[in-house]
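No hydrogens, no waters, no symmetry mates; every other heavy atom, side chains included, goes into these values. Here is the naming used below: chain letters follow the sequence lines, and residue numbers restart at 1 for every chain.
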Amino acid sequence: MEKPSYYDAVYDVVRLIPRGRVSTYGRIADFLALGSSRMVGWALNQVHGSLEDVPAHRVVNRNGELSGRNHFRPPSKMQEMLEKEGIKVENDKVSDFNSLVWHPREIRQV
DNA sequence: GACCTGACGCCCC
DNA sequence: AGGGGCGCCAGGT
């Protein structure tokens, strides 16, 4: 029985997002060559309760907006967790997003 | 089994 | 600069 779903690959990448940093659906999708940013969202949607293992709160859209906050409970939880990591969130958007956005490619550059 | 929607992103107007 | 439409794949109705 195979479940090679790219899901695991997505979770793996998300898990690699450093604390205090964020990444985007698009970058992850591009890094994994999924072809669609939505797939990342689908995968994270399946996470649901495994959020402890997969820091899905560190994944935002290309504008740094917390587009997935509505899937957290309460929705403000996403912002809460981010702020707990030192990330400033204002008006459902990551402040200084451009500076702290993390590129999966950095893994290879270590 | 067909249709619609969805944690997105890019192109076109 | 802002708004609207299409594409991507999976899952639910």
Side-chain angles (χ1 to χ4, degrees):
Chain A
M1 119 176 155
E2 303 189 26
K3 194 184 164 197
S5 11
Y6 56 90
Y7 283 35
D8 292 326
V10 172
Y11 301 153
D12 199 31
V13 173
V14 174
R15 272 187 268 249
L16 290 173
I17 302 174
R19 200 166 193 272
R21 292 288 193 110
V22 295
S23 193
T24 69
Y25 303 95
R27 291 176 198 278
I28 295 172
D30 184 60
F31 181 73
L32 296 176
L34 295 180
S36 179
S37 317
R38 293 193 163 198
M39 320 257 52
V40 177
W42 284 197
L44 293 180
N45 188 24
Q46 294 301 317
V47 175
H48 216 21
S50 311
L51 290 177
E52 297 182 8
D53 277 299
V54 183
H57 60 282
R58 294 176 189 160
V59 183
V60 297
N61 68 5
R62 75 179 193 86
N63 294 320
E65 298 168 329
L66 282 56
S67 53
R69 86 200 136 109
N70 218 15
H71 285 258
F72 287 79
R73 214 163 54 272
S76 57
K77 184 70 179 293
M78 186 175 184
Q79 177 173 338
E80 242 176 74
M81 295 177 80
L82 287 174
E83 291 180 333
K84 207 158 111 185
E85 299 182 358
I87 297 174
K88 206 199 294 187
V89 179
E90 194 172 346
N91 199 10
D92 293 331
K93 193 174 66 182
V94 176
S95 303
D96 206 9
F97 163 73
N98 219 355
S99 296
L100 52 77
V101 62
W102 181 78
H103 306 249
R105 293 254 176 199
E106 291 183 28
I107 300 173
R108 306 175 134 196
Q109 293 184 356
V110 177

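- Only the P atoms considered, B:dC4 is 13 Å distant from C:dC6, to the nearest whole Å.
- For the pair A:N63 CG and C:dG3 C1', the computed distance is 14 Å after rounding to whole Å.
- Across the protein-nucleic acid pair, A:L34 atom CG and C:dC9 atom C1' stand 10 Å apart, rounded to whole Å.
- A close approach under 4.0 Å does not occur between any side-chain nitrogen or oxygen of A:Y25 and OP1 or OP2 of C:dC8.
- Rounded to whole angstrom, the span from the CD1 atom of A:I28 across to the C1' atom of B:dG9 amounts to 14 Å.
- Counting non-hydrogen atoms under 4.0 angstrom, A:R38 reaches a base of the nucleic acid.
- Among all heavy-atom pairs drawn from A:N61 and A:T24, the shortest one is O-CG2, 3.6 Å.
- In this structure, A:W102 is a member of the same hydrophobic cluster as A:L100, with clusters built from ILVMFWY side-chain heavy atoms closer than 4.5 Å.
- The environment of A:N70 atom CG is sparse: at most 12 non-hydrogen atoms of other residues, nucleotides or ligands sit within 6.0 angstrom.
- Residue A:N45 is in base contact, counting any heavy-atom pair closer than 4.0 Å across all strands shown.
- What separates CZ of A:F97 from P of B:dC8 is a distance of 13 Å, to the nearest Å.
- Taking atom CD of A:Q46 as the reference point, atom P of B:dA7 lies 13 Å away to the nearest angstrom.
- In terms of heavy atoms, A:H57 sits closest to A:M78 at O-CE, 3.3 Å.
- Picking from C:dA10, C:dC8, B:dG9 the nucleotide with the shortest atom distance to the side chain of A:S36 gives C:dC8.
- The nucleotide whose nearest atom lies closest to any side-chain atom of A:T24 is, among B:dG9, B:dA7, C:dG11, B:dG9.
- For the OP1/OP2 pair of B:dC8 and a distance below 4.0 Å, the side-chain nitrogens and oxygens of A:S67 include at least one atom meeting the criterion.
- Distance from the side chain of A:R62 is smallest for B:dG9 among the nucleotides B:dA7, C:dA10, B:dG9.
- Considering only the side chain of A:L44, B:dA7 comes nearest among C:dG11, B:dG9, B:dA7.
- Residue A:R73 contributes atom CZ, which lies 15 Å from atom P of B:dA7 at whole-angstrom precision.
- Spacing between C:dG3 and B:dA7 at atom C1', rounded to whole Å, works out to 22 Å.
- Not a single donor-acceptor pair under 3.5 Å links the side chain of A:S37 to the backbone N or O of A:A29.
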